[in-house]
> 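Have a look at this one before I ask anything.
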Amino acid sequence: MKNSTLLILFLVLTVCCKEKTNKKTPTKQYITNYVNPFIGTGGHGHTYPGATAPFGMVQVSPDNGISSWDWCSGYHYSDSIVAGFSHLHLSGTGIGDLADILLMPTNKQVDLTINTKNRDSLAYKSSYSHSNEKASPGYYQVFLETPKINVELTSSLRTAYHKYTFSENDNQSVVIDLGFAINWDMPHETAITIEDEHTISGYRFSKGWAKNQKVFFIAKFSKPISEYLLFGDGKQIEGDLIEGEKVASQLFFKSNNSDELLVKVAVSSVSIKNAKDNLDSDEFNFEAIKTNAETIWDTALSKIEVETPVDSLKTIFYTALYHSQIAPVAYSDKNGEFRKENDSIVTTTNYTAYSTLSLWDTFRAENPLLTFLAPDKVSDMVNSMLAYYETKKILPVWTLYANETNTMTGYHSIPVIVDAYKKGIKGFDAEKAYEAMKQTMMQDERGLNLYKKHGYIPYNLLDESVTITLEYAFDDWCIAQMAKDLGKNDDYTYFLNRSKAYQHLFDSETGFMRGKSEDGKSWNEPFDPKHSNHREQTDYTEGNAWQHSWFVPHNVEDFISLHGSDAIFTNRLEQLFTESSEITGDNISADISGLIGQYAHGNEPSHHIAYMFNKANKPWRTQYWVHHILDTQYNATPNGLSGNEDCGQMSAWYAFSSIGFYPMNPASGNYEIGSPLFEKSTIKLPEGKTFVVEAEHISNTNFYIQSATLNGETFNQTSISHQQILEGGILHFVMGSEPNKTWGLTNNNMN
């Protein structure tokens, strides 16, 4: 009896201890829980909410079917109609291309002979509600109200997964419409083949922003196809193959005592054979793929960890990190093959080729951020640019699916390459990269002939002359830095001198960069610094003189001297933020958004400007304006971005600035100190090191730096180098509600 009592007592204690232990065992808090992919899907953000892997080849996402600027990604939060789910999307650009290979589940036979002019004539469209729609990294779900089908999407690197849950005993069918297009993308050659009872394949060749886009695909279904209908250019045809300008198919499936139908889809720029090779070979385990996608994203987002009691700030930050790792996208196939700009097929050696290089946007902060988040992929991106150079003998401007769009100004492959080189990124040939940069800037295309002849681009000979001149000057400075490191002294001197081209366009009387005639003396008159004319008969790209007169990130000290003094410079800089926000003109660029005075955070040319106070001995004004931008231009709603996301740039600005520093000169290897937003930010570095930024007493009113230490030593400068960060350590700020006008005034001109 005594032994029995002891045994019972032991068992009770054991259970209690186990329960106590279990209660103490923490559940893993996934960083992905803080990400809201709907941020930026409203307003002019132009993001998409669908599923993709970090830098994934496929981006499977809903398409509303509207051809309009705010639907550039295929989706806008203001909408409530869905046309289907396609597999290629642009994240946050101002360009309405892609939306290739559209699938849409339905529960009835639909008329696919109609020549659809807009979505109103789409027989398979459905309404939906945001109340029954979800998105997280690598996952998207929506309930289609018209056919009452639940749609779930997830993705691996090269394969998209669909899961359709039909109503009980309902007809199960899927439409594949290769004629579907938005904006100026138009298919001109398409095909679908019924390969077997589980598989279809085909291709879609289109002309749009990408003038020669070729997408091959394979789709495999979890159930056998019981019946199919094929349509080409408005006619139904018999057989198992259809080719035409616009082809479509409707597939039917027997329920097989299951309401679920799963599909997996892969694409290739090369061939159907390669698409098949890209297709994951695993079974249709949707939940396993979704869980794996979440794990991959959680790892990618954990490279920087922030601590704050304000959950909405975590949501904005981690969504920014998420958006920063969507593009560029993997372009080469699993076997290394990819299609080049001349339609040839080549095979990569030891790297992944990338597409969607939005370089005018991303060279400023997105690409520098990737040297922290994905340094192993940076050299692949550089090699992708060099592969383009091998074909064209010039570096890319804005490439999409083997197409040079020549969109925007400058050759900003150059700062991306130099940034990688200066930061010690390995895996590409530095001499070859230098050759490519020099050759690019010594040719005569895109106004370089005028630039070389005059030392600047005359306004009467080429539109957007001021912006182009300033950006070529920066590109020249970048080449000079690499020439110096490689011992090419004559080149260093030549390109350094050319990088002073901005001096020709500075008008000391007005303080603006202005269009100058080829006579070298006369300005473009009449002059209105608030005037905007979008992409034609203008001296500025998507902006005005107020926004474009500050792009001298490579020689701010000389730029300040042109103004006359620190005081004159900072007074004009202050006026940028306090001037009225009126934009004049009859054809104002829609890209001018996120206005604070004339500062336009919604477009990239403004992104470095707030940090320029540092160089004119007023770092507390950098702190003030950076905090103000962080506070007013971002939020955790669909309207949370003040302008186009532009493949990660808008988000990268937030990611850097909220930590407390920013690459004002994105190829210098240095960062300007701003105003940290979080109590603590931890950057995980190679070899197990970490760099921590701490902000003591930080709050929404305590955003001024009072003092700072780096690894316990006094830190009294407004710049920090990439190399200092890579060494690891702790940068500790003490924050306050009033500016300390003596902090940071020594040694603040790191070059």
> Side chains of H454 and E518 only: does a donor on one sit below 3.5 Å from an acceptor on the other?
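No.
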> Is it true that E471 and H412 share a donor-acceptor pair across their side chains at a distance under 3.5 Å?
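Side-chain D/A pair, H412 to E471: present.
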> Identify whether the distance between the nearest side-chain nitrogen and carboxylate oxygen of K618 and E574 falls below 4.0 Å.
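No.
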> Do F474 and F551 have ring centroids that are under 6.0 Å from one another?
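That pair passes the under 6.0 Å test.
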> Kindly confirm or rule out a cation-pi arrangement of K432 over F428, judged by NZ or CZ under 6.0 Å from the six-membered ring centre and within 45° of its axis?
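Verdict for F428: no cation-pi partner in K432.
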> Would you say H601 and Y599 are linked by a side-chain donor-acceptor pair, where the criterion is simply a distance under 3.5 Å?
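Side-chain D/A pair, Y599 to H601: present.
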> For a quick test of reading the model, state the closest non-hydrogen atom pair linking P739 to W620 and the distance between them.
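Scanning both residues, the minimum pair turns out to be CB-CB, 3.5 Å.
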> Identify, with sequence neighbours excluded, every residue that meets side chain to side chain contact (heavy atoms under 4.5 Å, CB included) alongside T362.
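For T362, the residues satisfying side chain to side chain contact (heavy atoms under 4.5 Å, CB included) (neighbours in sequence not counted) are S358, L359, E366, N367, C647.
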> If we count only N and O atoms by modelled type, under 3.5 Å, do the side chains of T541 and W360 hold a donor and an acceptor together?
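Side chains of T541 and W360: no pair found under 3.5 Å.
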> Quick one: CZ on R446 to CD1 on I457, what's the gap to the nearest 0.5 Å?
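Between R446 CZ and I457 CD1, I get 9.5 Å after rounding to 0.5 Å.
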> Salt bridge or not for K488 and E431, using N-O below 4.0 Å?
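Salt bridge present between K488 and E431.
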> Is a donor on one side and an acceptor on the other found under 3.5 Å between the side chain of N614 and the backbone of S719?
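Looks like no, no N/O pair under 3.5 Å.
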> For a quick check under 3.5 Å, do N644 and H44 share a side-chain donor-acceptor pair by atom type?
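The answer is no; no qualifying pair exists.
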> Do any N or O atoms from the side chain of H46 and from the backbone of W69 form a donor-acceptor pair under 3.5 angstrom?
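The answer is yes, because a donor-acceptor pair under 3.5 Å joins these two groups.
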> Is a donor on one side and an acceptor on the other found under 3.5 Å between the side chain of N571 and the backbone of A567?
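Looks like yes, one N/O pair under 3.5 Å.
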> Less than 6.0 angstrom from the centroid, inside 45 degrees of the normal: does K530 satisfy that with respect to the ring of W546?
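No, a cation-pi geometry is absent between K530 and W546.
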> Between S658 and A655 (side chain of the first, backbone of the second, donor and acceptor by atom type, cut-off under 3.5 Å), is there such a pair?
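A pair under 3.5 Å: yes.
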> Indicate whether any N or O donor in one side chain lies under 3.5 Å from an N or O acceptor in the other, for D476 and Y494.
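No, because no side-chain N or O of D476 sits under 3.5 Å from a partner of the opposite role on Y494.
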> Step by step, work out the side-chain hydrogen bond (donor to acceptor under 3.5 Å, both in side chains) result for D70 and S68.
CA-CA 6 Å; D70 278 334; S68 182; over 6 Å; no
> For L395, is there any backbone N or O sitting under 3.5 Å from a side-chain donor or acceptor partner on T440?
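Checking the backbone N and O of L395 against the side chain of T440, a donor-acceptor pair under 3.5 Å is found.
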> Assess whether a salt bridge exists between K422 and D485, defined as any Lys/Arg side-chain N lying under 4.0 Å from an Asp/Glu carboxylate O.
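Salt bridge between K422 and D485, a charged N being under 4.0 Å from a carboxylate O: yes.
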> With the threshold set at 4.0 Å, does a side-chain nitrogen-carboxylate oxygen contact exist between E341 and K392?
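No, this pair does not count.
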> Under the criterion side-chain hydrogen bond (donor to acceptor under 3.5 Å, both in side chains), I'd like the reasoning laid out for D491 against Y434: C-alpha separation, chi angles, the key distance, then a yes or no.
CA-CA 11 Å; D491 283 359; Y434 180 78; 2.7 Å; yes
> If we ignore angles and hydrogens, is there a donor and acceptor under 3.5 Å between the side chains of N544 and Q598?
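Their side chains do contain a donor-acceptor pair, which is all the 3.5 Å distance test asks for.
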> Scan side-chain atoms only and decide if H722 and Y671 contain a donor-acceptor pair under the 3.5 Å cut-off.
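Y671 and H722 do have a side-chain donor-acceptor pair below 3.5 Å.
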> If we check side chain to side chain donor-acceptor pair (under 3.5 Å) with E645, which of these qualifies: S91, S651, S324?
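Checked S91, S651, S324 against E645; only one passes side chain to side chain donor-acceptor pair (under 3.5 Å): S651.
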> Between the side chains of E672 and N665, is a donor N or O closer than 3.5 angstrom to an acceptor N or O?
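The answer is no; no qualifying pair exists.
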> Kindly indicate whether a cation-pi arrangement holds for R514 with F506, taking the cut-offs as under 6.0 Å to the six-membered ring centre and within 45° of the axis.
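No.
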> Return yes if a side-chain donor-acceptor contact under 3.5 Å exists between E435 and Y389, otherwise no.
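Distance-only check passes for E435 and Y389.
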> Distance only, no hydrogens: is a donor on one side chain within 3.5 Å (strictly under) of an acceptor on the other, for R572 and H563?
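On atom types as modelled, these side chains qualify, holding a pair under 3.5 Å.
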